[in-house]
Amino acid sequence: MYRKKTKAFIIITCLLLSAFLLSGCGKSEKNEEKNKDLDKKISAKLDAYQNDLMDNEDAVKSNKDIRNYLINWAKAKGITYEKDSYDNIIMRISSSGKYKSAPPTAIICSYDRLNYKSSIPVISMALYAAKNNEKTGDLSVIFTQESGHDFYGIKRLKKTYFKKGTRIFSLNPGEKGMASISSGTSSSYKFTQTISKKAPSYTSAYKICIKGLTTNEPDTLINDITNPITKLEGLLVSLKNKGIGYEIAAFKGGVSSNLYAPSASLLITVDPNKEEVFTEKMKEETETWNKKNNKKNPEAKYSFKKAEVPSTVVSGNDGNKFVNFMYTTISGIYEKDEDTNDTVSICNVSQIDVSGNRIIIGAVAHAVSDSKLKAIDTDTETLCNLSDIRFRKTGHTPLWKGKKNTDFTDTFAKTYESVTNKKLEYVDSTVATGASYIAGKNKDTELISLTVNKDILNDCTESIIRYLLNSANTKK
C-alpha cells in the first residue's frame, strides 16, 4: 500500500513539474515571439518614416517646410504638440496608469534643412517614439530648429520643458555611431583675405566640380571623408608643381562652417600651351576618383568641362597667397593621444567663397578639452596673422561632462545589451553636441547623448522603447 502511494505521489509530482516546465516554455516562447514582433514593427515603421522624409526632400526648401511637416504629422497622428517662438516643436505623450510613477523621459533631436538628408535617421527615430511608445510613461519628443548646426533652437528651449528627474536622450546625426555621457568643445572660424582682380592672361577656361557628397557634422572619421574644398585646393597645388599655369576666377563650396561641404566648384583659366597636359591629368584624376567612390556614394561626381573665359581673375600674388594659406591649414585629424592613439581634436575647412574683392573661408574645430581647443584657436590665428589674412572666431560650444554610473546610464546600457547582445560602452565624444546646452536647462536631470548612423538606428530605437517599457518600476 505504501509503495502504491509513493508511486502515485511520484507520478503526480512529475506531471506537475512537466506542466510547470511546459508553462514556462510557453511563456518563454510568447516573450520571444513578442520581441520578434516589436523588432519587425520598429524596422518597418522606421523604413516608412525615412522613405516618407526622403520622398519630401525636393519639396523641403527651408526649415519652415520641415516645421510644417512635423506639425502636420503630429496632427494626423493625434499627438499633442506646441510650437515655441523659435520654431521648436514639442510633442507630448501622457503616461498610462501603469507608468504614473516612472520618471519623465525626453527625446531631443534637431531639424536642419542644410543637413536634411543626414538628419532623417534621427528624425524618424524620434517620430517612432512619439507615435509608438507602447503606452509607457510621460514622454516629450522635442524637435529643435537649427541652421547649419548652430544649436539655435536648443539654446532657446524653455527650462520648464525639463522637470526634475527627467531622463533625456539627445539624438545626433553622425558618421560614427556612439553613446556618450560627455562631449567636446568647439570653435567656428571665419578667415577673410582681401584680393585684387585683373584681366585673365590665358584664353582657355575650365570649370571643375565635385558634388553629391553627404552633408553631416564633422567627427573623428574626418580623414575618411572627401572634403571637396581641400581636394580642389590640392589640385591647384598639383597644377603648380607640374608647371601648368592657371589663374583663379571663382571658387565656391560648402553650406555652413559647422558641416561637411557637400560640393565645391572651381573656375580657372589655363595656359593654352599646357592645356593638353591639363586635360589628360583631369581625365585621369576624375575617372580614378569616380571609380573609387561610385560604390560608396553613387550620387557623388567629380567632373571638369570647358567654360567661358571670365572677365576677371584673382591677381597672381593674391592667388599664390591664398593657395599657400590653404596648403598650410590643417583640415582633418589635428591631434591624437600619444598613449591611446585616440583622436583628441579635429579641424574642418567647411566653406569657401571667392567673389568680389574677398576670399571668405569658414572652418570648425572640435576638441576633447578646453586646452586642446585653445591650441587650435591659437595656431589658426597665428597662421592667419603670418599670412596677412583676417581671423575671426564666430562661434563656440562649451564642454559637457555628464553623470557617470547612474541608474539611467546603467539601465540603458543593460537594455541595449539585451537587445543587441553587445556591451554598450559610453565613449567620450571629441565632437561638441547639443547636450552642452540641454544639460544646463535643469541640473536635476540625467542625459545620454546618442550619435546615430544607419547601422545602429534600429538597435538604438528598440533600446529606447524597451527602456520605456521597463521603466514602470523605476522611481522618480
Side-chain angles (χ1 to χ4, degrees), residues 41-42 45-46 48-57 59-97 99-100 102-113 115-116 119-147 150-173 434-435 437-438 441-442 445 447 450 452 457 460-461 464-465 467-468 471:
K41 178 183 175 182
I42 289 171
K45 290 282 187 183
L46 286 176
Y49 293 147
Q50 289 183 95
N51 288 336
D52 192 49
L53 288 162
M54 280 299 298
D55 289 345
N56 279 278
E57 184 179 13
V60 172
K61 306 295 184 185
S62 66
N63 274 352
K64 183 179 178 181
D65 294 326
I66 304 175
R67 179 202 69 189
N68 291 341
Y69 175 95
L70 294 170
I71 289 173
N72 291 333
W73 185 91
K75 287 179 180 177
K77 304 299 181 185
I79 295 171
T80 302
Y81 75 92
E82 67 173 283
K83 178 184 76 68
D84 70 11
S85 303
Y86 310 102
D87 278 355
N88 296 314
I89 309 299
I90 301 92
M91 300 183 189
R92 297 185 184 281
I93 301 90
S94 300
S95 62
S96 61
Y99 290 87
K100 289 293 183 183
T105 303
I107 297 171
I108 303 175
C109 82
S110 62
Y111 69 90
D112 186 345
R113 182 61 190 93
N115 197 25
Y116 182 76
S119 298
I120 285 176
V122 291
I123 292 174
S124 65
M125 187 175 173
L127 291 175
Y128 181 92
K131 176 59 181 168
N132 307 279
N133 71 317
E134 306 297 326
K135 297 180 180 178
T136 52
D138 181 12
L139 175 65
S140 298
V141 179
I142 303 173
F143 298 88
T144 59
Q145 182 189 201
E146 291 188 357
S147 181
D150 60 357
F151 299 122
Y152 175 84
I154 292 177
K155 290 176 182 177
R156 293 163 177 80
L157 272 176
K158 293 178 184 175
K159 293 182 179 181
T160 52
Y161 295 138
F162 304 94
K163 294 179 279 189
K164 182 179 179 181
T166 300
R167 296 180 167 190
I168 305 165
F169 293 100
S170 175
L171 309 183
N172 317 287
Y437 300 105
I438 298 166
K441 304 296 179 182
N442 188 335
T445 58
L447 175 59
L450 293 175
V452 181
L457 172 62
C460 286
T461 306
I464 289 177
I465 298 301
Y467 163 79
L468 293 173
S471 65

query: Does the side chain of Tyr161 pick up a donor-acceptor pair with the side chain of Asp84 at under 3.5 Å?
result: no
message: Let's go through Tyr111 and Leu70 carefully: what are the C-alpha distance in whole Å and the side-chain angles of both, what is the deciding distance for side chain to side chain contact (heavy atoms under 4.5 Å, CB included) to 0.1 Å, and is it a yes or a no?
response: CA-CA 10 Å; Tyr111 69 90; Leu70 294 170; 3.9 Å; yes
Single hit among Ile154, Asp87, Ile89, Ile90 for side-chain contact (heavy atoms from CB on, under 4.5 Å) with Thr144: Ile154
message: Please determine whether the number of non-hydrogen atoms from other residues, nucleotides or ligands lying under 6.0 Å from atom NZ of Lys77 exceeds 12.
response: yes
message: Assess the residue pair Tyr437 and Phe151 against the criterion (ring pair (Phe, Tyr, Trp, His ring centres under 6.0 Å)); give the C-alpha distance rounded to whole Å, side-chain angles, the decisive distance to 0.1 Å, and a yes or no.
response: CA-CA 8 Å; Tyr437 300 105; Phe151 299 122; 5.5 Å; yes
query: If you count the non-hydrogen atoms of other residues, nucleotides and ligands that lie under 6.0 Å from NZ in Lys41, is the total more than 12?
result: yes
query: Can you tell me if Tyr99 and Glu134 form a side-chain donor-acceptor pair at under 3.5 Å?
result: no
- prompt: Any donor-acceptor pair under 3.5 Å linking the side chain of Lys441 with the backbone of Lys158?
  reply: no
- prompt: Hey, mind stepping through Asp138 and Lys163 against salt bridge (Lys or Arg N to Asp or Glu O under 4.0 Å) and telling me if it holds?
  reply: CA-CA 11 Å; Asp138 181 12; Lys163 294 179 279 189; 2.6 Å; yes
- request: Of all the heavy-atom pairs spanning Leu457 and Ser124, show the shortest one and how long it is.
  value: CD2-OG, 4.2 Å
message: Tell me if the NZ atom of Lys83 is crowded by more than 12 foreign heavy atoms within 6.0 Å.
response: yes
task: Start with the C-alpha distance between Thr105 and Thr166, add both sets of side-chain angles, then the distance that settles side chain to side chain contact (heavy atoms under 4.5 Å, CB included), and finish with yes or no.
output: CA-CA 5 Å; Thr105 303; Thr166 300; 5.9 Å; no
task: Evaluate the side chain to side chain contact (heavy atoms under 4.5 Å, CB included) criterion for residues Asn132 and Ile465: first the C-alpha distance (whole Å), next the side-chain angles of each, then the deciding distance (0.1 Å), finally the verdict.
output: CA-CA 8 Å; Asn132 307 279; Ile465 298 301; 5.6 Å; no
query: Shortest non-hydrogen contact from Ser170 to Asn172?
result: O-ND2, 3.6 Å
message: Between Lys155 and Asp150 (salt bridge meaning N to carboxylate O under 4.0 Å), is one present in this structure?
response: no
